[in-house]
Amino acid sequence: QVQLVESGGGLVQAGGSLRLSCAASGRTLSAYTMAWFRQGLEKERKFVGGIRWADGTTQEADSVKGRFTISRDNAGTTVYLQMNNLKPEDTGVYYCAAASGSYLFRTARDYTYWGQGTQVTVSS
C-alpha cells in the first residue's frame with residue numbers, strides 16, 4: 001500500500017512558476033512508476049508527465065514540454081513537478097499517481113494509487 005500526498009498548489013499569474021511535491025509513505029518508490037495528471041473542467045484526468053523510478057526516465061505531455069520538469073529525491077519518497085511559464089490552460093487539480101513496475105503509463109486507469117490532489121490556478 002502506498003499513500004500519496006500532494007502539496008505546493010496555489011494561485012499564480014500567467015508566466016509564473018510553482019513546484020508541486022508528492023510525498024509517499026508506506027513504501028519507497030523504487031519499484032513504482034510515478035506520474036502527474038491534471039483534471040480541469042473536463043472529468044478526464046490528463047497525463048502531464050511521469051518518471052520511471054528505476055532509471056529516472058521521464059516523459060512529459062506535448063503541451064508542457066519545455067515548461068514542466070519531473071524529478072525525484074534520492075531517498076525514494078518524493079516526486080516533484082516543477083512548472084514554469086504557467087498558462088491559464090494549466091489550471092486544474094493536479095494529482096500524483098503510482099503504478100507498480102517500470103512501464104511509464106500515460107492513462108489514468110493504469111495507476112493504482114492516487115493522492116488527494118492539489119489545486120493550481122493560473123490567472124491571465
Side-chain angles (χ1 to χ4, degrees):
Q1 191 79 4
V2 176
Q3 293 81 42
L4 303 173
V5 178
E6 304 96 334
S7 61
L11 173 64
V12 64
Q13 288 187 333
S17 298
L18 285 173
R19 188 174 84 154
L20 306 184
S21 298
C22 173
S25 60
R27 293 185 179 180
T28 62
L29 300 175
S30 59
Y32 292 84
T33 291
M34 305 296 298
W36 288 94
F37 287 81
R38 176 175 66 220
Q39 185 171 1
L41 296 178
E42 70 282 355
K43 292 183 178 180
E44 180 185 6
R45 293 183 183 182
K46 295 184 177 180
F47 178 80
V48 174
I51 183 166
R52 193 166 59 193
W53 207 276
D55 60 7
T57 300
T58 62
Q59 291 183 15
E60 296 84 24
D62 289 344
S63 61
V64 305
K65 277 183 180 178
R67 299 188 298 122
F68 291 11
T69 303
I70 296 172
S71 62
R72 60 181 181 180
D73 71 340
N74 292 329
T77 60
T78 305
V79 177
Y80 303 99
L81 179 66
Q82 178 66 45
M83 305 186 293
N84 298 327
N85 191 21
L86 281 159
K87 303 176 181 181
E89 52 263 43
D90 296 320
T91 294
V93 179
Y94 283 71
Y95 294 91
C96 175
S100 297
S102 61
Y103 189 83
L104 212 165
F105 299 104
R106 299 171 72 97
T107 53
R109 65 177 181 269
D110 292 312
Y111 287 81
T112 305
Y113 304 104
W114 291 85
Q116 82 289 350
T118 185
Q119 176 71 44
V120 172
T121 303
V122 184
S123 63
S124 58

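Values in this document were obtained by computation on a predicted structure and should not be read as measured data. For the single chain, residues carry numbers from 1 onward in sequence order.
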- Note on the structure: Rounding to 0.5 Å, atoms CG (L18) and CD (Q82) come to a distance of 8.5 Å

- Where does the angle between the aromatic ring planes of Y113 and Y32 fall among parallel (under 30°), tilted (30 to 60°) and perpendicular (over 60°)? perpendicular

- Message: Is there a side-chain contact between L11 and Q119 in this structure, where contact means two heavy atoms from C-beta onward sitting under 4.5 Å apart?
- Response: no

Could you tabulate the donor-acceptor pairs under 3.5 Å formed by side-chain atoms of residues 3-10, not counting sequence neighbours?
unit_1	atom_1	unit_2	atom_2	d
Q3	OE1	S25	OG	3.3
E6	OE1	Q116	N	2.9
E6	OE1	G117	N	2.9
E6	OE2	C96	N	2.7
E6	OE2	G117	N	3.3

- Message: Hydrophobic cluster membership, with links at side-chain heavy-atom distances under 4.5 Å among I/L/V/M/F/W/Y: are Y95 and V120 in one?
- Response: no

- Item | Between F37 and Y111, ring centroids under 6.0 Å | yes

- What closest approach, in Å, do W53 and V79 show between heavy atoms, and which atom pair accounts for it? CZ3-CG2, 3.2 Å

- Query: salt bridge (Lys or Arg N to Asp or Glu O under 4.0 Å) with R19: which residues, sequence neighbours excluded?
  - Reply: none

- Could you note down all residue pairs passing disulfide (SG to SG under 2.5 Å) where residues 28-95 supplies at least one of them, sequence neighbours left out? none

Using atom types as modelled, flag every donor-acceptor pair under 3.5 Å from a side chain in residues 101-108 to any protein atom, sequence neighbours excluded.
unit_1	atom_1	unit_2	atom_2	d
R106	NH1	Q59	OE1	2.7
T107	OG1	D110	OD2	2.4

- Applying side chain to side chain donor-acceptor pair (under 3.5 Å) to T57 and not counting sequence neighbours gives R52, D55

- Rounded to the nearest 0.5 Å, how far does CZ of R72 lie from CG of L29? 10.0 Å

- Task: Quick one: do Y80 and D73 satisfy side-chain contact (heavy atoms from CB on, under 4.5 Å)? Show the steps, please.
- Result: CA-CA 8 Å; Y80 303 99; D73 71 340; 4.2 Å; yes

- Rounded to the nearest 0.5 Å, what separation is found between the NZ atom of K87 and the OG atom of S124? 13.5 Å

- Provide the full list of salt bridge (Lys or Arg N to Asp or Glu O under 4.0 Å) pairs with a residue in residues 31-47, sequence neighbours left out, each pair given once. R38-D90

- I51, V64: one ILVMFWY side-chain cluster at the under-4.5 Å cut-off? yes

- May I ask whether I70 and V93 are part of the same hydrophobic cluster, defined by side-chain heavy atoms of I, L, V, M, F, W, Y residues being less than 4.5 angstrom apart, directly or through others? no

- Message: With clusters defined by side-chain heavy atoms of hydrophobic residues (ILVMFWY) lying less than 4.5 Å apart, directly or transitively, does W36 cluster with W114?
- Response: no

- Message: Just verifying a value: how many Å separate L81 CG and T58 OG1, rounded to the nearest 0.5 Å?
- Response: 11.0 Å

- Query: Which atom pair, heavy atoms only, marks the closest approach of F47 to E60?
  - Reply: CE2-C, 4.3 Å

- Task: Apply side-chain contact (heavy atoms from CB on, under 4.5 Å) to E89 and V122, showing your working.
- Result: CA-CA 8 Å; E89 52 263 43; V122 184; over 6 Å; no

